[in-house]
Amino acid sequence: MRFAEAWRVALEALRANRLRSALTTLGVVIGVAAVVVLVAIGTGAKSYVESEVEGLGSNLLLVVPGEVNFGNAPTVSPLTLSDVDAVARIAGGRDRVAATVSSGETVQYGTSRRFASVLGVLENTPQVFIRTLARGTYLTRSDVDTGRRVTVLGYGVAHALFGDRDPIGQQMDIAGVRFRVIGVFAQLGESLGVDRDDEIHIPITSAQRLFGTSRVDGLAIKADDASQLGSLGSRVVAELSRRHPGTEFSAVTQDQILGVLGKVLGILTGVLAAIAGISLLVGGVGVSNIMLVSVRERTREIGLRKAVGARPRDIVVQFLLEAVLLTTLGGTIGIGLGIGAAAVVAALSPVPAAATWWSIALAFGVSAAVGIVFGVVPAQRAGRLDPVVALRSE
Amino acid sequence: MTDVPTAAVEAREVSRVYQMGGVSVTALRRVSLTVAPGDYITISGPSGSGKSTLMHLLGGLDRPTSGQLWLGGQEVGGLSATAMAQLRNRRIGFVFQSFHLLPRTTALDNVALPLVYAGIAAGQRRRRAAQLLELVGLGNRMRHRPNQLSGGEQQRVAIARALVASPSLLLADEPTGNLDTATGAEVLALLEKLNAGSGGAVAGGSSPAGSGVAVVIVTHDAEVAARARRQIRMRDGVVVAEAAPPGAAR
């Protein structure tokens, strides 16, 4: 009953000062909305990265020289095509091992020029990674074995060079050398910040001749199932180390890549949420401030309530409730805004941002806690007021 | 010290000293006063004479610096703020010069306020508050807010509020100070009626049967002071005279 009265009085107090309540709430609204939307973007980015890495293909083992370290410059690869054959024997077949050598080159058709990422690959690439063709055919084993000058274009390159014309069968220049277009990839879009429609594939043998090298940048091995990846990786690394003493090799799985990226994104999300949390804190200080004003304004009322029998605790509960009401109201509005903002982000960007239930529950809990923490000082001040002094105040 | 007084309130040699910027100001100096059930007392004196301080002590709003104060059989010296609040809630009704009604709150809810802190259910609070408003003649003003009521009506709402929890003592601090003479006389007549026990079954539930609530009025108005059975005059924190002129006794 006393609690019901405190509830009624708190609501009445907020209603009597609508503008003030709204402005005070705004700090909490912004803070909570920021937390919700940033966590939504963070978790959305994480699931985006996951789907992108998984979208490369399943059960992949990536083998590169050097250590896998995002901070270091890549080691110049000592791998050659004979290493690819050796690895293929371990992995159980040539079609299981994809090899690439890549370089950025200028490509030209007629007067249209463009810079593209040129990948020298084996004919098995579409089986190891997931790539589908929009038209034409992919490279064949004989293209690779004989080093034919044929190319499969990424959607973006094809569109930029040929516009609406059919590029199949056309001759074009890659780094000044004539190539014949035999296929065009289906549109892929960006993946992890790289425009994958900007790639063009040519046989690895042609690429090595074009780039004037015999190196292979990296290998990707496809296993039948994920449980084989670990032992396969160590056997491949051992074989390559035997063939190239003095060079380290690393074999990483998609899960390991995801682990590293996930950790980075997790830290980023945490930092962003913490910054948003600071604005929530500032909002809390605003609540504290306005509650002190409210206590001062209603000193006479507090005195009267005490005179007719309100215990100090009744007064404390009344003002705490007012503060908590203020912040949870802000929290609720903030959650709504945050969900809305996340939906806008999801609609306008590739990141599938969605407010998570735990961030909503957390934001609501935190906003209630902010009310208690920042309301307790003003409320206790009200509770301790001397009734005689309070009654006399003007 | 060991006997429990049967009086509504008893002050034994109470003093109250305030600390004001390092200076001790004695507002009350060894004052003794017993308010018996059903008493009608006025306390008068110039401002600064300590009459308001005495009233705050009698009402349990404040504690004496020295001396004993017995409120409803309990000595207040060792009581917590919570216990004092509960004592005020059950034993004392206050009427103030400036009414002290809650704005934006109906007369009915204003009157019911002490019952909220007594932990009484809402329905029962309303019924009881309505009874009291009928008693003070405001049965037709229950849904009005203070700013829709005249000064005299506001003070009658305040009197109803003071009596709603059936206290044994009603303390009025300059109850007519903000009212014109005629309205002031009406309010005084109402207080005297309640003191005499009219409607006592409603108003003075915890008073002895047949008598009304004990009333203590603090005033600087000699005419008001002269109406009581016991008239106490104060100056410089002490009681200088207590008189009961035959002509003023009712």
Side-chain angles (χ1 to χ4, degrees), chain A residues 1-21 293-322 325 376 378-394, chain B residues 16 18 27 52-57 59-63 79-106 109-125 146 158 160-165 167 171 173:
Chain A
M1 282 153 287
R2 271 184 271 236
F3 191 71
E5 168 73 5
W7 183 254
R8 196 190 64 73
V9 171
L11 268 179
E12 173 62 38
L14 298 189
R15 208 178 309 137
N17 296 296
R18 276 196 200 85
L19 181 62
R20 192 170 82 184
S21 304
V293 172
S294 182
V295 168
R296 171 155 299 185
E297 267 182 1
R298 281 147 66 198
T299 300
R300 271 161 64 89
E301 178 194 322
I302 294 164
L304 183 272
R305 286 180 184 274
K306 289 194 157 194
V308 303
R311 299 166 300 175
R313 190 171 16 131
D314 296 324
I315 303 295
V316 171
V317 167
Q318 177 189 323
F319 281 94
L320 257 190
L321 203 61
E322 186 177 326
L325 209 61
V376 79
Q380 278 184 341
R381 177 175 285 202
R384 277 200 299 264
L385 273 177
D386 180 345
V388 172
V389 175
L391 280 168
R392 280 213 198 103
S393 83
E394 276 309 321
Chain B
R16 183 68 173 93
Y18 294 103
S52 285
T53 303
L54 180 59
M55 196 203 80
H56 292 143
L57 287 176
L61 285 171
D62 198 1
R63 271 182 264 242
L79 294 181
S80 66
T82 297
M84 295 272 281
Q86 284 167 338
L87 213 54
R88 289 195 294 272
N89 185 249
R90 285 196 296 266
R91 304 272 178 184
I92 314 287
F94 289 97
V95 175
F96 302 96
Q97 176 174 1
S98 52
F99 320 137
H100 274 303
L101 298 178
L102 298 182
R104 299 185 297 273
T105 306
T106 62
D109 285 338
N110 263 295
V111 172
L113 189 65
L115 300 179
V116 169
Y117 296 113
I120 290 170
Q124 211 178 328
R125 289 204 300 259
R161 179 181 63 195
L163 293 173
V164 77
L171 291 169
D173 189 1

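Quick note: numbers below take in every heavy atom, side chains included, and nothing from hydrogens, waters or symmetry partners. In what follows, chains are A, B, ... by sequence order, proteins preceding strands, each numbered from 1.
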Item to check | Minimum heavy-atom distance A:Ala310-B:Ala85, with the two atoms named | outcome: O-CB, 3.5 Å

Next on the checklist: Rounded to the nearest 0.5 Å, what separates atom NE2 in B:His100 from atom CZ in A:Arg300?
Outcome noted: 4.5 Å

Item to check | Results of ring-ring contact (aromatic ring centres under 6.0 Å, His included) for B:Tyr117 - residues two or more places apart only | outcome: none

Next on the checklist: Evaluate A:Asp314 against B:Val116 for side chain to side chain contact (heavy atoms under 4.5 Å, CB included), listing each step before the verdict.
Outcome noted: CA-CA 10 Å; A:Asp314 296 324; B:Val116 169; over 6 Å; no

Next on the checklist: Please give me the minimum heavy-atom distance between A:Pro312 and B:Thr82, naming the atom from each residue.
Outcome noted: CD-OG1, 3.7 Å

Checklist entry - For A:Arg313, what residues pass the side-chain hydrogen bond (donor to acceptor under 3.5 Å, both in side chains) criterion, not counting sequence neighbours? => result none

Checklist entry - Where do B:Leu113 and A:Glu5 land on the side chain to side chain contact (heavy atoms under 4.5 Å, CB included) test, with the steps shown first? => result CA-CA 9 Å; B:Leu113 189 65; A:Glu5 168 73 5; 3.5 Å; yes

Checklist entry - Which one, B:Ile92, B:Leu101, B:Asn89, leads in non-hydrogen pairs under 4.5 Å with chain A? => result B:Asn89

Checklist entry - Applying a criterion of heavy atom separation less than 4.5 Å, what residues of residues 378-389 of chain A form contacts with chain B? => result A:Asp386, A:Pro387, A:Val388

Item to check | Approximate separation, where rounding is to 0.5 Å, of A:Leu304 CG and B:Phe96 CZ | outcome: 6.0 Å

Checklist entry - What pairs with B:Phe99 under ring-ring contact (aromatic ring centres under 6.0 Å, His included), at least two apart in sequence or on another chain? => result none

Checklist outcome for this item: Here the gap from B:Leu102 atom CG to A:Arg305 atom CZ, rounded to the nearest 0.5 Å, amounts to 5.0 Å

Checklist outcome for this item: Rounding to 0.5 Å, atoms CZ (A:Arg8) and CG (B:Asp109) come to a distance of 5.5 Å

